[in-house]
Amino acid sequence: MIDEFAKDTLHGRLRRDREALLWKLDGLSDYDARRPLTATGTNLLGLVKHVAMVEARYFGEVFDRPYPEPLPRWQDSDGSDLWATEDETRDRIIGFYRRTWEHSDATIAELPLDARGHVPWWPEPHADTNLFAIMVHVLGESVRHAGHADILREGLDGRTGLRAEHEQQIDEEARAAHWAKIEQAARSVAPITAEPG
């Protein structure tokens with residue numbers, strides 16, 4: 001009973017964060033969806049591509065249920081799963097992500113939480129694991145990158161939130177006042193933490 005509750009809870013959260021991550025692309029131009037927004041090149045469409053690859057691998061080869069489409073070997077990872085090339089369209093990447101959901105959901109539905117898996121890219125003694133640990137790991141990855149996407153999207157146009165139905169109209173004046181209050185609090189401690197000159 002507790003296993004089914006745990007599986008349903010983790011799976012429900014994973015589904016929620018998948019949708020949140022995709023929502024961060026809504027209404028953006030192709031350029032804004034794929035342009036580098038940090039010094040390391042992090043971008044919204046690249047985050048979706050990366051999380052899709054994570055799900056395909058963890059719910060696929062870890063449980064000897066290979067993802068049905070070709071994936072680059074994990075040993076050959078070169079960071080290209082973190083950005084979209086010129087020939088990879090938004091629809092292609094989103095389609096890949098949605099197909100990984102189907103594959104992952106089938107693995108989750110068909111295996112018990114204690115089903116054994118092996119992660120060849122994890123160091124020993126952690127490589128041998130189970131579905132519960134992988135669900136927690138993938139959920140953590142999804143939450144982490146959905147959070148990155150939230151910050152990136154806020155930087156582009158000010159939009160924030162988890163789901164469209166909870167999004168509130170942006171009040172620029174209230175945001176500016178809130179920002180000023182936080183900035184003032186930070187500046188008020190500056191003399192305490194400043195290095196002697």
Side-chain angles (χ1 to χ4, degrees), residues 10-62 65-108 119-122 134-170 172 175:
L10 292 171
H11 200 182
R13 294 295 178 136
L14 179 60
R15 287 180 175 126
R16 178 197 69 184
D17 291 319
R18 288 168 172 167
E19 293 292 347
L21 182 56
L22 280 187
W23 178 53
K24 296 303 169 181
L25 296 173
D26 280 1
L28 288 180
S29 68
D30 282 337
Y31 172 70
D32 282 339
R34 59 178 59 228
R35 71 182 169 118
L37 296 168
T38 69
T40 58
T42 305
N43 61 89
L44 289 163
L45 195 56
L47 288 173
V48 171
K49 181 180 173 184
H50 173 70
V51 175
M53 191 74 69
V54 165
E55 278 209 37
R57 289 203 186 289
Y58 278 98
F59 291 115
E61 60 194 275
V62 166
R65 298 169 58 91
Y67 187 71
E69 299 172 29
L71 297 172
R73 294 178 340 133
W74 64 267
Q75 300 95 324
D76 299 333
S77 179
D78 61 0
S80 61
D81 66 320
L82 292 165
W83 58 282
T85 64
E86 295 87 352
D87 63 331
E88 292 177 312
T89 66
R90 180 191 317 218
D91 288 344
R92 178 176 161 193
I93 290 172
I94 290 172
F96 169 51
Y97 191 28
R98 288 190 183 280
R99 290 188 306 279
T100 67
W101 299 358
E102 294 171 15
H103 185 259
S104 299
D105 290 349
T107 297
I108 293 167
V119 186
W121 52 91
W122 283 4
I134 294 302
M135 288 183 76
V136 170
H137 179 78
V138 172
L139 178 59
E141 284 281 315
S142 299
V143 168
R144 178 175 181 241
H145 294 308
H148 292 149
D150 198 36
I151 294 295
L152 294 178
R153 183 62 189 256
E154 181 179 351
L156 284 172
D157 61 9
R159 289 180 69 184
T160 62
L162 186 61
R163 294 191 296 267
E165 61 267 23
H166 298 300
E167 188 175 23
Q168 298 178 359
Q169 189 70 21
I170 297 171
E172 295 292 346
R175 276 192 179 178

Pair listing, salt bridge (Lys or Arg N to Asp or Glu O under 4.0 Å) test, anchored in residues 38-48, at least two apart: none
Evaluate the side chain to side chain contact (heavy atoms under 4.5 Å, CB included) criterion for residues L71 and E69: first the C-alpha distance (whole Å), next the side-chain angles of each, then the deciding distance (0.1 Å), finally the verdict. CA-CA 6 Å; L71 297 172; E69 299 172 29; 5.8 Å; no
[X] (side chain) donor-acceptor with [Y] (main chain) under 3.5 angstrom:
X	Y	result
R90	S29	yes
R99	G95	yes
H103	R65	yes
K49	F96	no

Interatomic distance, [X] atom [atom1] to [Y] atom [atom2] [nearest 0.5 angstrom]:
X	Y	atom1	atom2	result
I108	F59	CD1	CZ	4.0 Å
S142	E55	OG	CD	5.5 Å
T107	I134	OG1	CD1	11.0 Å
R35	D30	CZ	CG	13.0 Å
D32	L45	CG	CG	12.0 Å

Does the pair S80 and E88 meet the rule for a side chain to side chain contact (heavy atoms under 4.5 Å, CB included), with working shown? CA-CA 12 Å; S80 61; E88 292 177 312; over 6 Å; no
Check [X] against [Y] and note the closest heavy-atom contact, atom names and distance.
X	Y	result
D81	H50	OD2-ND1, 2.7 Å
T160	W23	O-CH2, 3.7 Å
A84	I93	CB-CD1, 3.6 Å
T100	A56	CG2-CB, 3.9 Å
N43	A33	OD1-O, 4.1 Å
G41	P36	CA-CB, 3.7 Å

For the pair W122 and Y58, name the ring-plane relationship: parallel under 30°, tilted 30 to 60°, perpendicular over 60°. tilted
Relative to the ring of W101, is the ring of Y97 parallel (under 30°), tilted (30 to 60°) or perpendicular (over 60°)? perpendicular
Who passes salt bridge (charged side-chain N to carboxylate O under 4.0 Å, His left out) against R175, sequence neighbours left out? none
Salt bridge check, R153 against D157: does any charged N sit closer than 4.0 Å to a carboxylate O? yes
Are L152 and L156 close enough, and set up right, to give a side chain to side chain contact (heavy atoms under 4.5 Å, CB included), and what steps lead you there? CA-CA 6 Å; L152 294 178; L156 284 172; 5.7 Å; no
Report yes if some heavy atom in the side chain of L44 is under 4.5 Å from a heavy atom in the side chain of V48; otherwise report no. no
If only side-chain N and O atoms count, and only distance matters, is there a donor-acceptor pair under 3.5 Å linking T89 with D91? no
Using a distance-only test with no angle check, is there a side-chain donor-acceptor pair under 3.5 angstrom linking H11 and D105? yes
Per salt bridge (Lys or Arg N to Asp or Glu O under 4.0 Å), D150 is matched among K24, R144, R159 by K24
Go through it in stages, so that I can follow the logic: the residues are R18 and V51, the test is side chain to side chain contact (heavy atoms under 4.5 Å, CB included), and I'd like the CA-CA distance, side-chain angles, deciding distance and then a yes or no. CA-CA 9 Å; R18 288 168 172 167; V51 175; over 6 Å; no
